[in-house]
Amino acid sequence: MRHYHPNLFRQCLLLTGGLALTGFGVALTTRAGLGTSPISSLPYVVTFITPLSFGMTTFAINVFFVLGQVLILRRAFPVAQYGQLGVVLLFGLFIDLGMWLGGLWVPSSYWGRLAEVALGSVVLAAGIALQIHADLLFNPGEGLVKALCRVTHVRFAWTKMGFDVSLVLLALTLSLVALHGVFGLREGTVLAAFAVGLSLRWLVPLLRPTRRWLFA
């Protein structure tokens with residue numbers, strides 16, 4: 001259950017900041033050319049199949065994540081959480097903006113691009129942590145992970161890691177079936193799969209002071 005305290009404006013600011021970091025983190029890992037972040041692996045593969053932008057395919061896939069939450073939580077799913085559809089629309093816009101900005105400069109060396117994937121993973125995890133502390137509306141992907149945590153009683157960081165790996169496997173299957181090869185998935189995807197989950201373990205408590213700012 002979300003906690004809607006009087007300073008709703010600050011909650012919205014923190015949520016928007018988290019979405020911006022998440023979107024730019026996804027763009028950083030993708031622009032490096034070594035794959036993309038696991039949470040975006042499925043919509044990214046879809047961009048190779050359809051004429052839609054990365055942000056648009058992200059929105060479409062995340063609609064199914066919202067439906068997944070409804071199926072898991074049933075009557076326990078708060079009606080207000082349908083607002084996640086607006087959240088993911090904003091998230092998609094931040095991804096497309098990040099992809100455009102990221103295209104202005106891409107490291108030429110392999111190790112530089114690998115470092116960009118690592119940086120993007122940390123930025124992505126920071127965005128997720130801010131959304132957690134905003135305690136308002138989740139990005140649908142994180143909302144689905146939270147719903148899974150509720151029914152499995154497994155910690156968020158570990159559940160997210162398993163969820164991300166599952167998305168990569170789905171993206172790989174789709175790529176092989178529809179494109180007859182591996183597209184959009186490389187070693188950077190594997191690195192991000194573990195880097196995001198591990199980063200969340202220390203970023204969530206590190207950014208906890210933002211909650212004091214919310215209640216100030």
Side-chain angles (χ1 to χ4, degrees), residues 18-62 65 88 91-131 139-142 145 157-203:
L19 288 172
L21 286 178
T22 306
F24 290 149
V26 167
L28 277 173
T29 57
T30 305
R31 277 297 187 183
L34 299 177
T36 187
S37 61
I39 190 66
S40 295
S41 57
L42 190 56
Y44 188 49
V45 169
V46 174
T47 63
F48 291 94
I49 302 171
T50 70
L52 301 176
S53 73
F54 196 5
M56 294 171 68
T57 57
T58 296
F59 174 77
I61 296 295
N62 277 265
F65 291 164
V88 78
F91 178 46
L93 292 174
F94 279 128
I95 288 178
D96 282 345
L97 177 60
M99 291 292 287
W100 179 76
L101 291 174
L104 300 177
W105 180 79
V106 177
S108 57
S109 71
Y110 175 79
W111 294 109
R113 289 186 291 150
L114 204 60
E116 186 175 3
V117 172
L119 174 63
S121 299
V122 175
V123 172
L124 173 55
I128 293 171
L130 288 182
Q131 291 175 61
N139 186 300
E142 275 62 63
V145 171
W158 293 114
T159 304
K160 176 163 177 56
M161 193 176 296
F163 178 69
D164 287 350
V165 171
S166 299
L167 286 179
V168 171
L169 292 176
L170 282 173
L172 177 61
T173 302
L174 178 61
S175 180
L176 291 172
V177 171
L179 301 170
H180 308 291
V182 179
F183 290 81
L185 303 170
R186 285 186 54 181
E187 61 271 29
T189 305
V190 178
L191 170 62
F194 293 97
V196 173
L198 294 175
S199 296
L200 276 171
R201 295 185 66 185
W202 59 271
L203 281 172

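Just so you know, residue 1 is the first one in the sequence shown, and it goes up from there. These figures come from a predicted structure and were not determined experimentally.
Residues Ile128 and Val196 are in side-chain contact: their nearest non-hydrogen atoms beyond the backbone lie under 4.5 Å apart. Side-chain contact between Val26 and Phe91 is present, with at least one heavy-atom pair separated by less than 4.5 Å.
Nearest heavy atom pair, residue Ala171 against residue Leu185, reads C-CD1, 3.8 Å. The heavy-atom pair separating Ala27 from Gly98 by the smallest distance is CB-C, 3.3 Å.
Applying the ring pair (Phe, Tyr, Trp, His ring centres under 6.0 Å) test to pairs two or more places apart or on separate chains, those with a residue in residues 159-179 are Phe65-Phe163. Under the side-chain hydrogen bond (donor to acceptor under 3.5 Å, both in side chains) criterion, no residue pair touches residues 193-203, with sequence neighbours excluded. Sorted by first and then second residue, the pairs that involve residues 164-176 and meet salt bridge (charged side-chain N to carboxylate O under 4.0 Å, His left out), not counting sequence neighbours, are Lys160-Asp164. Residue pairs meeting the salt bridge (charged side-chain N to carboxylate O under 4.0 Å, His left out) criterion with at least one member in residues 18-27: none, sequence neighbours excluded. Counting only residues at least two apart or in different chains, side-chain hydrogen bond (donor to acceptor under 3.5 Å, both in side chains) contacts with residues 22-41 comprise Thr22-Gln131, Thr30-Thr36. For residues 181-193, every residue pair satisfying the side-chain hydrogen bond (donor to acceptor under 3.5 Å, both in side chains) rule, not counting sequence neighbours, is listed here: Tyr110-Glu187. Sorted by first and then second residue, the side-chain hydrogen bond (donor to acceptor under 3.5 Å, both in side chains) pairs involving residues 44-56 (not counting sequence neighbours) are Ser53-Asp96.
In this view, Phe59 satisfies the ring-ring contact (aromatic ring centres under 6.0 Å, His included) rule with no residue, not counting sequence neighbours.
If you take CG on Leu172 and CG on Leu167, they are separated by 12.5 Å, rounding to the nearest 0.5 Å. Rounding to the nearest 0.5 Å gives a distance of 6.5 Å between OG1 of Thr58 and CG of Asn62.
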Please tabulate, one pair per line, all N/O donor-acceptor pairs under 3.5 Å involving side-chain atoms of residues 173-184, not counting sequence neighbours.
unit_1: Thr173; atom_1: OG1; unit_2: Leu169; atom_2: O; d: 2.9
unit_1: Ser175; atom_1: OG; unit_2: Gly181; atom_2: O; d: 2.5
unit_1: Ser175; atom_1: OG; unit_2: Phe183; atom_2: N; d: 2.9

CA sep, side-chain torsions, deciding dist, call: Ile39, Leu124, side chain to side chain contact (heavy atoms under 4.5 Å, CB included): CA-CA 10 Å; Ile39 190 66; Leu124 173 55; 4.2 Å; yes
With side chain to side chain contact (heavy atoms under 4.5 Å, CB included) as the criterion, how do Thr57 and Leu42 come out once you've worked through the C-alpha distance, each side chain's angles and the decisive distance to 0.1 Å? CA-CA 9 Å; Thr57 57; Leu42 190 56; over 6 Å; no
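Heavy-atom contacts from other residues, nucleotides or ligands closer than 6.0 Å to CZ of Phe48 number more than 12.
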